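Report on the structure given below.
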Amino acid sequence: MTAQLIDGKAFAADVRAQVAQHVKTLKDAHGITPGLAVVLVGEDPASQVYVRSKGKQTVEVGMNSFEHKLEADTSETDLLALIDQLNSDPAVHGILVQLPLPGHLNEDLVINAIDPAKDVDGFHISNVGLLGTGQKSMVPCTPLGCLMMLRAHHGSLSGMDAVVIGRSNIVGKPMAQLLLGDSCTVTIAHSRTKDLADVVRRADIVVAAVGRPQMVPGDWVKPGATVIDVGINRIEKPEGGTRLVGDVDFDSCAEVAGAITPVPGGVGPMTIACLLANTLTACCRANGLEEPQGLTA
Ligand code: NDP
């Protein structure tokens, strides 16, 4: 392997330590404790794991964690009533509704019911619009984590050619907006893109957010490029059992790239760390206090 490994676990630990330090200062100087409310509807096993992990890390950085576990058949009216209550609760600075929601609930309606100032996932239409117009917003956690690692690795991203593979609302599109905000020349690729290999080969920065295991081979990558792998895919191992892989073929890409994130241990840990950072930012904004430097876009 010739590429430098971008260690998301270490970055995430650093972000959490910075958040914990700011939380301590907020408590000591202002008597304020940031609070994050996480709402889980139903019993999807993966969602339960995420919610547990979020709650644990929230408490570890000194914040208050409020978990609301609702039955799978909870009505939209009841869910919206809970969100209304959390919107007006001054102890709650961030609200996260764990997705996906059960099919009978309208995700757009639910997400847009969250107070945009408490929308720490950055999915509310107001935050999407603010990000798109280059204004102060709550930024989706996964792209924010990718941006932080890219900035830490490169310093300035200005003038770099970036390709984002994937155009989802939660990863691809906000990632492209953030890179544009940092003055990259951005291409968004998707399932209809022609000659994807050629498009990727032009890029100094490749962000893969596709959901297809090991789709990007090393010979698509420009020598020295930085590869950020957002994908999380579980595949069968030849010897039995399963393992997690990303959307890029790590071994061949690592021979060509200048730097690369692993899966697991790359973007994943940064996502929850950025959720904590967003909750801290929301708390500072709600109280008219200066926002922490380096923890927002
Ligand atoms: P989506 O399924 O919402 O979007 C996938 C995107 O990939 C779509 O825009 C799709 O294009 C594009 N795509 C699909 N096939 C191809 C192809 N053959 N060539 C080019 N583009 C293609 O996924 P998400 O954005 O939600 O997630 C992407 C990956 O990131 C997943 O593996 C997910 O598990 C992971 N993830 C990881 C997180 C983390 O914390 N590390 C957080 C969130 C997601 P089109 O629009 O044309 O269909």
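Because the structure is a prediction, the values reported are computed rather than measured. Remember, it's 1-based here, ligands and their atoms both numbered in the order they're listed.
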Got a second to check how far [X]'s [atom1] is from [Y]'s [atom2], nearest 0.5 Å?
X      : Y      : atom1 : atom2 : value
Cys284 : His22  : SG    : NE2   : 7.5 Å
Leu96  : Asp121 : CG    : CG    : 4.0 Å
Leu99  : Phe123 : CG    : CZ    : 6.5 Å

Counting non-hydrogen protein atoms only, what is the nearest one to [atom]? Give residue, atom name and distance.
atom                    : answer
atom 13 (N) of ligand 1 : Val210 CG1, 3.5 Å
atom 25 (O) of ligand 1 : Ser168 OG, 2.5 Å
atom 44 (C) of ligand 1 : Val171 CG2, 4.0 Å
atom 46 (O) of ligand 1 : Arg167 NE, 2.7 Å
atom 10 (C) of ligand 1 : Ser191 N, 4.3 Å
atom 35 (C) of ligand 1 : Val230 O, 3.5 Å
atom 20 (C) of ligand 1 : His190 O, 3.2 Å
atom 29 (C) of ligand 1 : Gly211 N, 3.6 Å

What are the atoms of ligand 1, with element, lying closer than 4.0 Å to any heavy atom of [X]?
X      : answer
Val267 : 41 (N)
Gly166 : 6 (C), 7 (O), 9 (O)
Asn233 : 32 (O)
Thr271 : 39 (C), 40 (O)
Ile170 : 26 (O)

Taking only non-hydrogen atoms of [X], do any sit less than 4.0 angstrom from ligand 1?
X      : value
Gly172 : no
Ala209 : yes
Met270 : no
Leu196 : yes

Ignoring hydrogens and geometry beyond distance, is a side-chain donor-acceptor pair present between Thr142 and Thr271 at under 3.5 Å?
yes
Under 3.5 Å, is there a donor-acceptor pair linking the side chains of Asp28 and Thr25?
no
Which segment of Arg212 sits under 4.0 Å of ligand 1 when only heavy atoms are counted:
side chain
Looking at Val23 and Gly62, what are the two nearest heavy atoms and their distance?
CG1-O, 3.6 Å
Are more than 12 heavy atoms, taken from residues, nucleotides or ligands other than Glu290, located less than 6.0 Å from that residue's CD atom?
no
For Lys194, I'd like to know if atom NZ has over 12 heavy atoms of other residues, nucleotides or ligands within 6.0 Å.
no
Charged N-O contact under 4.0 Å between Arg285 and Glu291
yes
Enumerate, atom names and distances included, each donor-acceptor pair closer than 3.5 Å involving a side-chain atom of residues 41-53, sequence neighbours excluded.
from, atom 1, to, atom 2, distance (Å)
Asp44, OD2, Ser47, N, 3.0
Asp44, OD2, Ser47, OG, 2.8

Would you give me the side-chain donor-acceptor pairs under 3.5 Å for residues 224-236, sequence neighbours excluded?
from, atom 1, to, atom 2, distance (Å)
Thr226, OG1, His154, NE2, 2.7
Asp229, OD1, Gly231, N, 3.2
Asp229, OD1, Asp247, N, 2.7
Asp229, OD2, Asp247, N, 3.2
Asp229, OD2, Val248, N, 3.2
Asn233, ND2, Val245, O, 3.4
Asn233, ND2, Gly246, O, 3.0
Asn233, ND2, Asp247, OD1, 2.9
Arg234, NH1, Thr242, OG1, 3.0

